Amino acid sequence: MVRQDDERTLLQIRDLQTHFATADGLVKAVDGVSFSIRNGATLGVVGESGCGKSVTALSVMRLIERPGRIVGGTITFGGKNLIDIPDDEMREIRGNQISMIFQEPMTSLNPVYTCGNQIAEAVSIHGGMSGGEARKRAIEMLSQVGIPDPARRAEEYPHQLSGGMRQRVMIAMALSTNPELLIADEPTTALDVTIQAQILELMKALRERNRMSIMLITHDLGVIAEMADDVVVMYAGKVVEQSDVNTVYEHPHHPYTRGLLASIPRLGEKRNRLEVIKGVVPNPLNLPAGCLFQRRCPSAMPICNVAPPFQEVAPGHLSRCWLTPAGDPPSVGEAPSEQVALDAAAALSAE
């Protein structure tokens, strides 16, 4: 087992690059992503659709299919770089020490097998249990995730269950092997708010009970506020802001994070219209030079034509932006000229 003290790092990603070679060109779906997940903590990964959240998760699981492949970086878990280990060793880790809840349970569950059989199969493969033991474990897990009459539900097929019930089955399957890390990709998508709240409360309770870490992927900032200890904000394949959840929500630095937070409607606050982030995510086949957010950014400056560094703006608070730590444009004395920055970028590229 890899379990460590609470403040130890369970998973560490450094400079991860996952690219897709298409007929139209190279898509850098994940381009230099770095973050870590602490033991027993929940990391929220947030961003618009197409920003690279799910591809990052699939890279951790090593489930990237052609024409995609991991071309660089490291994914360290239990002292091993998951990118380099043999396939059979990765299969032992996948589903056993690291489990994943996929985005749409109806397409992730096999329609021709009962829910109980699918959970029992996962337990048999990864836990080495006999048929009878695996069956008993499947019913136990359905009970743990709050499904009433679990023995009867174990005999039912996915199409006989509601969306919320199917999601619970997916959670039961993912947790049946007592993983140390659970990756949840949009676990509450398409569920009504009541069922969504129940699923989130269930995940929190199971995290405490099983002492596991969670990587929670979502575009819903309300879910992040409810669940996460640390937050990573992604945009166009890169991490643009990273810190603990209170810092990101109370002192957002990157204009993209500010825009996401400003777009959330608030109870008791009257507005003539909702705030929006103008424009769209850039085409991954034709990314702009410099800051990838500059065409949509209300704070864009000439210096933004040069890619900003991912730097610390406060202790433990990282942001990929030229703005000062206070979130203001740099003064003439503070900011390098555009030519100086261009020269620096060229020198870094040449190294």
Side-chain angles (χ1 to χ4, degrees), residues 1 3 42 54 57-58 60-63 88 90-192 194-218 227:
M1 298 293 286
R3 295 210 188 275
T42 296
S54 295
L58 292 172
V60 173
M61 298 294 285
R62 247 176 63 183
L63 291 174
D88 58 348
M90 186 64 210
R91 279 192 291 270
E92 286 295 316
I93 293 174
R94 187 193 303 127
N96 191 8
Q97 293 169 283
I98 306 176
S99 289
M100 185 168 179
I101 304 171
F102 294 92
Q103 197 167 118
E104 178 45 62
M106 196 58 197
T107 58
S108 301
L109 293 169
N110 194 320
V112 301
Y113 290 99
T114 64
C115 295
N117 280 343
Q118 295 185 59
I119 299 172
E121 181 183 24
V123 173
S124 297
I125 292 173
H126 297 290
M129 292 185 180
S130 64
E133 292 174 322
R135 172 75 181 167
K136 184 178 179 181
R137 176 66 171 167
I139 294 173
E140 177 190 333
M141 290 307 304
L142 290 175
S143 176
Q144 270 196 36
V145 298
I147 292 181
D149 197 358
R152 179 172 66 85
R153 294 294 189 181
E155 298 297 327
E156 294 184 341
Y157 293 87
H159 72 271
Q160 295 177 283
L161 304 180
S162 67
M165 285 290 190
R166 287 195 293 266
Q167 194 63 282
R168 288 173 187 264
V169 171
M170 286 291 297
I171 294 173
M173 189 184 304
L175 299 184
S176 61
T177 57
N178 291 321
E180 297 169 48
L181 173 63
L182 174 67
I183 300 175
D185 189 359
E186 302 278 8
T188 57
T189 295
L191 300 179
D192 65 55
T194 302
I195 302 301
Q196 173 177 293
Q198 292 174 0
I199 294 295
L200 294 178
E201 285 301 316
L202 171 64
M203 290 178 63
K204 286 168 68 175
L206 291 172
R207 183 189 75 170
E208 296 301 319
R209 183 187 307 169
N210 298 345
R211 294 185 62 246
M212 66 180 179
S213 302
I214 298 177
M215 177 180 171
L216 177 61
I217 299 168
T218 183
M227 293 287 294

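Heavy-atom basis, side chains included; hydrogens, waters and symmetry copies ignored. Only a predicted model underlies this, so the values are computations on that prediction, with no experimental measurement involved.
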Handout entry: For S176 against A122, the heavy-atom pair lying closest together
Key = OG-CB, 4.3 Å

Completion exercise
Correct closest heavy-atom pair for A138 and G116 would be CB-O, 3.7 Å

Exercise for the section: Find the distance between CD1 (I199) and CD (E201) and round it off to the nearest 0.5 Å. Expected result: 11.0 Å

Handout entry: Heavy-atom pair of closest approach, residues F102 and S108
Key = CB-OG, 3.3 Å

Handout entry: Check: R207 side chain, M212 main-chain N or O, donor-acceptor pair, under 3.5 Å
Key = no

Problem - Heavy-atom side-chain proximity of V169 to Q167 below 4.5 angstrom - result: no

Practice task
Would you kindly say whether R153 and Q160 are connected by a side-chain donor-acceptor distance under 3.5 Å?
Solution key: no

Problem - Minimal non-hydrogen separation, C115 against P158, with atom names - result: SG-N, 4.0 Å

Exercise for the section: Enter the distance from M203:CE to L216:CG here, rounded to the nearest 0.5 Å. Expected result: 5.5 Å

Exercise for the section: Starting at CG of L175, measure out to CD1 of I101 and round the result to the nearest 0.5 Å. Expected result: 6.0 Å

Problem - Gap separating the CZ atom of R166 from the CG atom of L109, nearest 0.5 angstrom - result: 8.0 Å

Exercise for the section: Please round to the nearest 0.5 Å and tell me the distance separating atom CZ of R91 and atom CG of N96. Expected result: 13.5 Å

Problem - Short side-chain to backbone donor-acceptor contact, Q118 and Y113, under 3.5 Å - result: yes

Problem - Contact summary for T177 and S99, nearest pair of heavy atoms - result: OG1-OG, 3.9 Å

Practice task
Provide the closest heavy-atom pair for Q198 versus R168 in the form atom of the first, atom of the second, distance.
Solution key: OE1-NH2, 3.0 Å

Practice task
Compare all side-chain heavy atoms of M100 with those of L58 and state whether any distance is below 4.5 angstrom.
Solution key: yes

Problem - Point-to-point distance, once rounded to the nearest 0.5 Å, from CD of E121 to CG of N110 - result: 8.5 Å

Handout entry: M227 vs L200, side-chain contact (heavy atoms from CB on, under 4.5 Å): CA-CA, chis, key distance, verdict
Key = CA-CA 7 Å; M227 293 287 294; L200 294 178; 3.9 Å; yes

Exercise for the section: List in chain and number order the residues that pass salt bridge (Lys or Arg N to Asp or Glu O under 4.0 Å) with R152, two or more places apart in sequence or in another chain; answer none if no residue qualifies. Expected result: D149, E156

Fill in the blank from the handout: Sorted by chain and number, sequence neighbours left out, side chain to side chain contact (heavy atoms under 4.5 Å, CB included) with E92 holds for none

Handout entry: Passing option when M165 is tested against I195, V145, I147 for side chain to side chain contact (heavy atoms under 4.5 Å, CB included)
Key = I147

Handout entry: Under-4.0 Å salt bridge between E133 and K136
Key = no

Exercise for the section: Determine, step by step, whether I119 and R137 satisfy the side-chain contact (heavy atoms from CB on, under 4.5 Å) criterion, reporting the C-alpha distance in whole Å, the side-chain angles of both residues, the deciding distance to 0.1 Å, and the verdict. Expected result: CA-CA 8 Å; I119 299 172; R137 176 66 171 167; 5.9 Å; no

Exercise for the section: Under the side chain to side chain contact (heavy atoms under 4.5 Å, CB included) rule, collect the residues that match up with A154, sequence neighbours excluded. Expected result: R135, I139, L142

Exercise for the section: Dump the intermediate steps for side-chain contact (heavy atoms from CB on, under 4.5 Å) on Q144 and L206, then the final yes or no. Expected result: CA-CA 9 Å; Q144 270 196 36; L206 291 172; 3.8 Å; yes

